[in-house]
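All residue numbers refer to positions in the sequence shown, counting from 1. Everything quoted here is computed from the prediction, not taken from an experiment. Only this structure's heavy atoms are used, side chains among them; waters, hydrogens and symmetry mates stay out.
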Amino acid sequence: METSQNPSPTNDPNQDLQRTLSFAGADGNQKHEIESDEDTWEPFDDQTEHRLINAEDAADLFHWANEFQISVADLKAAIVLNGNAVRDIKKYLSI
């Protein structure tokens with residue numbers, strides 16, 4: 001008893017290859033658009049962004065300077081320019 005390896009009615013390997021390439025979009029046309037899942041995303045709320053950096057506390061300055069991977073002097077300058085909100089400092093540093 002001989003079984004067929006190819007389930008298609010024709011034994012043309014080029015047709016199978018073309019079907020595979022067409023499905024993958026290799027012919028330049030996107031055949032199957034990926035559905036967006038933007039409506040299912042949950043907003044990420046980083047609670048640390050609502051904090052304020054205490055510019056008078058050396059330990060707080062040191063902590064946030066390490067967190068942002070900058071020097072304490074650079075952090076102090078960023079606070080002078082943008083205020084002491086963590087969110088504003090992150091935005092200024094493009095983090």
Side-chain angles (χ1 to χ4, degrees):
M1 183 168 139
E2 186 176 315
T3 60
S4 174
Q5 294 282 332
N6 191 353
S8 65
T10 64
N11 289 331
D12 184 10
N14 290 332
Q15 185 179 13
D16 289 338
L17 178 62
Q18 182 60 37
R19 187 180 311 119
T20 303
L21 292 176
S22 178
F23 179 77
D27 60 352
N29 295 325
Q30 186 175 356
K31 301 290 184 185
H32 303 282
E33 187 173 326
I34 297 174
E35 185 177 325
S36 173
D37 63 350
E38 287 179 328
D39 58 338
T40 62
W41 290 351
E42 293 183 20
F44 177 71
D45 186 21
D46 185 5
Q47 294 299 318
T48 60
E49 288 192 359
H50 300 291
R51 291 194 48 201
L52 299 177
I53 300 171
N54 184 355
E56 304 297 321
D57 183 12
D60 205 30
L61 286 172
F62 183 75
H63 166 76
W64 286 106
N66 282 336
E67 185 76 23
F68 298 140
Q69 298 179 356
I70 61 174
S71 69
V72 172
D74 288 341
L75 178 58
K76 285 182 181 181
I79 290 171
V80 168
L81 292 172
N82 299 289
N84 63 341
V86 171
R87 176 175 285 174
D88 295 337
I89 300 298
K90 280 186 173 183
K91 188 175 180 180
Y92 173 72
L93 296 174
S94 300
I95 296 177

Colleague: With side chains defined as the heavy atoms from C-beta onward, is the minimum distance between Lys76 and Val72 less than 4.5 Å?
Modeller: yes
Colleague: Find the distance between CG (Leu75) and CD1 (Ile70) and round it off to the nearest 0.5 Å.
Modeller: 4.5 Å
Colleague: Identify the two heavy atoms, one from Ile89 and one from Gly83, that lie closest to each other, and give their separation to 0.1 Å.
Modeller: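 That would be CD1-O, 3.3 Å.
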Colleague: Can you measure from CG (Asp74) to OH (Tyr92) and round to the nearest 0.5 angstrom?
Modeller: 8.0 Å
Colleague: Considering non-hydrogen atoms only, spot the tightest contact between Leu52 and Asp60 and give its length.
Modeller: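 For Leu52 versus Asp60, the nearest heavy atoms are O-OD2, 4.0 Å.
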Colleague: Any side-chain heavy atom of Ile53 sitting closer than 4.5 Å to one from Phe68?
Modeller: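 A side-chain contact exists here, since the closest heavy-atom pair is under 4.5 Å.
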Colleague: Same cluster for Leu93 and Val80 if Ile/Leu/Val/Met/Phe/Trp/Tyr side chains link at under 4.5 Å?
Modeller: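 Per the 4.5 Å side-chain linkage, Leu93 and Val80 are not co-clustered.
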